[in-house]
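Within every chain, numbering begins at 1; the chains are lettered A, B, ... in the order of the sequence lines, protein sequences first and strands thereafter. Note that the structure is a prediction, hence the values are computed from the model and not measured.
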Amino acid sequence: MKIRLTNSKTRRKEDFQPIDPSNVRMYVCGPTVYDRAHLGNARPVIVFDVLYRLLRHVYGPDHVTYVRNFTDVDDKINAEALRRQKAGATGTLEELVHERTEETIAWYHADMNALGALRPDHEPRATEYITQMVAMTADLIAKGHAYEANGHVLFRVRSYKDYGKLSGRSVDDMIAGARVEIAPYKEDPMDFVLWKPSSGEEPGWASPWGRGRPGWHIECSAMAHELLGESFDIHGGGLDLQFPHHENEIAQSACAHPHGDFAHYWLHNEMLQVEGKKMSKSLGNFFTVRDLLDRGVPGEVIRFVFLMTHYRSPMDWTAEKAVAVDAKLGDYLVLGERFADLSTARLTAPAPEVIEALADDLNTHLALVEIDRLADNARWNELVTTLDFLGLVPFERFEARRAELAGSAANLARLTETLASDRASAMASKDFSTVDALKSALIAAGVEVRMSKAGIELVPGPDFDPAKLEALL
RNA sequence: GGCGGGUUGGCGGAGAGGUUACGCAGCGGAUUGCAAAUCCGUGAAGACCGGUUCGAUUCCGGUACCCGCCUCCA
């Protein structure tokens, strides 16, 4: 199986060649844990979850290492911790920060679980790797790539000749177009912070440069190195991180570990829009994953909508898509439960067409089209197993539904008979009011009513409600 | 201002230099007491202007518009 991926580094679609097929390594930039994940945060999670599943399928589940970090050093978190302390909460600032991040991480896990995302193999937290960050910063100073100035440690951008290569920018162009105020102690306006001093109201750690905290970019370099080594296969994240975050990661890592070549393949997902517009608080179209779940949009629906758009295109979240997808997933659930042999489906491989589609630079849209074809061609076991593979409908869902329907089978049979006899008499009397009333009630209970000359069939639909059925007996 | 991406039928959204994408919706028909479901059939596209080519929606250039990044928002 040949996987092809668009590498941001070369701007080309390339054959994926892992450094070590027995341990394929991927690092993805995770969230800053200061609040609930918004819908945009879900996109890289879902995109790289699909890639993770594909890699596990191709190289074996035990031969892929997926790391996604939690950024738990951040001024927004500090602000919240400080607010709590001032409101009378007990504990040190560091403890209050920890409390806030723990809470946020638990939310994040719950929300991403709802989206069907597998847990990465490692979820390192920046605060657990301060030692490595300090060591890496010291090493960069020793090698002449960083310098101390005004209590800060800054990376010397001019010392790395390829700076800007990933994002296609030159240092000179960026300076020319910069709209940022430049700290006077910087040697070069583009130099960025590796370490900065902390005031008494900010969490901090001891370092050779005094009590302080790391800059944002260094954590990913340090954690990727610690967990994946000097060179690894894939680095992913949102397109907005390409510059400066990923550029800076590359610069730090390349300079600190000149014998490694950091990530071989860089993957960037495009951004999310909502009803055709950028999601923002000012436009009033900002919402979290939890908001959607609470509004009754199932996680699988969110996931499916995301997979409809290729990861390298902007994705537009619309309520209309969610409605359409909900119906489609409902159909799959009904079909899979009715026609698949669930015991053997578990042992069936996902449809090769779907794997092929994913292997071609994660063509998730084509994969979904192929799923439709599985249903069209009555490949029920593959339909079920492929939906499970993609995280869209877990096996357990099919099994749970089968169990639920088994409990209603007798009731359905009785109602079928009732409806048949009512109909027979109505055909004679030409008064269909009783038949139509029962039919409406059945439809209201989520049952599809199929009447033909051959007879009557009652098929529970995706929204079948056994309780409403009871009421009709 | 600098850099990057995009513009496909009513909607969503792909691939491929020439052959039906596909899904949803629509329309016609079969079927039905009426429906639903199903089946059969069917219309509809490639922002604009040039260029390359026997032939371009697909390659190249320009224009317009949209979007992102340049501000620790994925």
Sugar-phosphate, base or nothing in reach of Thr318(A), heavy atoms under 4.0 Å: nothing
Salt-bridge criterion met for Asp188(A) and Arg158(A) (N-O under 4.0 Å): yes
is_close_aromatic(Phe286(A), His38(A)), centroid dist under 6.0 Å: yes
Touch class at under 4.0 angstrom, heavy-atom based, for Gln273(A) against every strand present: sugar-phosphate
Parallel, tilted or perpendicular, as decided by the 30° and 60° cut-offs, for the rings of His235(A) and Phe262(A): tilted
Nucleotide nearest Val369(A) when distance is taken to its side chain, options rC73(B), rU32(B), rA21(B): rA21(B)
Trp266(A) and His268(A) aromatic ring geometry - parallel, tilted or perpendicular at 30°/60° bounds: parallel
Among rC73(B), rA37(B), rC34(B), the one nearest Arg450(A) by side-chain distance: rA37(B)
Touch class at under 4.0 angstrom, heavy-atom based, for Ile443(A) against every strand present: nothing
Minimum-distance nucleotide (side-chain atoms of Lys76(A) versus rC73(B), rA74(B), rC69(B)): rC73(B)
From rG23(B), rA74(B), rG12(B), nucleotide with atom closest to Asn269(A) side chain: rA74(B)
Side-chain donor/acceptor contact of His310(A) with base of rA14(B) under 3.5 Å: no
Watson-Crick or G-U wobble mate for rU63(B), both contacts under 3.5 Å: rA47(B)
Per Leu272(A) side chain, nearest of listed nucleotides rA74(B), rG33(B), rA14(B): rA74(B)
Touch class at under 4.0 angstrom, heavy-atom based, for Ser167(A) against every strand present: sugar-phosphate
Lys321(A) vs rC24(B): side-chain N/O to OP1/OP2 distance below 4.0 Å: no
Sugar-phosphate only, base, or nothing, as touched by Met451(A) at under 4.0 Å among non-hydrogen atoms: base
Selected nucleotide, minimal atom distance to Arg423(A) side chain, candidates rG12(B), rU32(B), rC73(B): rU32(B)
Closest to the Val435(A) side chain, choosing from rA14(B), rC11(B), rG33(B): rG33(B)
Parallel, tilted or perpendicular: ring planes of Tyr163(A) versus Phe243(A), cut at 30 and 60 degrees: perpendicular
NZ or CZ of Arg295(A) within 45° of Phe287(A) ring axis and under 6.0 Å: yes
Touch class at under 4.0 angstrom, heavy-atom based, for Leu241(A) against every strand present: sugar-phosphate
Sugar-phosphate, base or nothing in reach of Arg43(A), heavy atoms under 4.0 Å: nothing
Parallel, tilted or perpendicular, as decided by the 30° and 60° cut-offs, for the rings of Tyr108(A) and Phe70(A): perpendicular
Closest-nucleotide 5' rank along RNA chain B - winner of Met427(A) and His365(A): His365(A)
Touch class at under 4.0 angstrom, heavy-atom based, for Asp372(A) against every strand present: sugar-phosphate
Sugar-phosphate, base or nothing in reach of Phe432(A), heavy atoms under 4.0 Å: base
Any strand: nucleotide that pairs with rC69(B) via Watson-Crick or wobble, under 3.5 Å: rG2(B)
Distance test, side-chain N/O of Lys453(A) to OP1/OP2 of rU32(B), below 4.0 Å: yes
Spacing between Glu457(A) atom CD and rU32(B) atom C1', to the nearest angstrom: 15 Å
Touch class at under 4.0 angstrom, heavy-atom based, for Asp316(A) against every strand present: nothing
Under 3.5 Å donor-acceptor pair, Asp240(A) side-chain atoms to rG4(B) base atoms: no
Sugar-phosphate only, base, or nothing, as touched by His217(A) at under 4.0 Å among non-hydrogen atoms: nothing
Under 3.5 Å on both distances, the Watson-Crick or G-U partner of rG17(B): none
First encountered from the 5' end of RNA chain B, between Val73(A) and Phe243(A): Phe243(A)
Side-chain-base donor-acceptor pair under 3.5 Å for Lys439(A) and rC34(B): yes
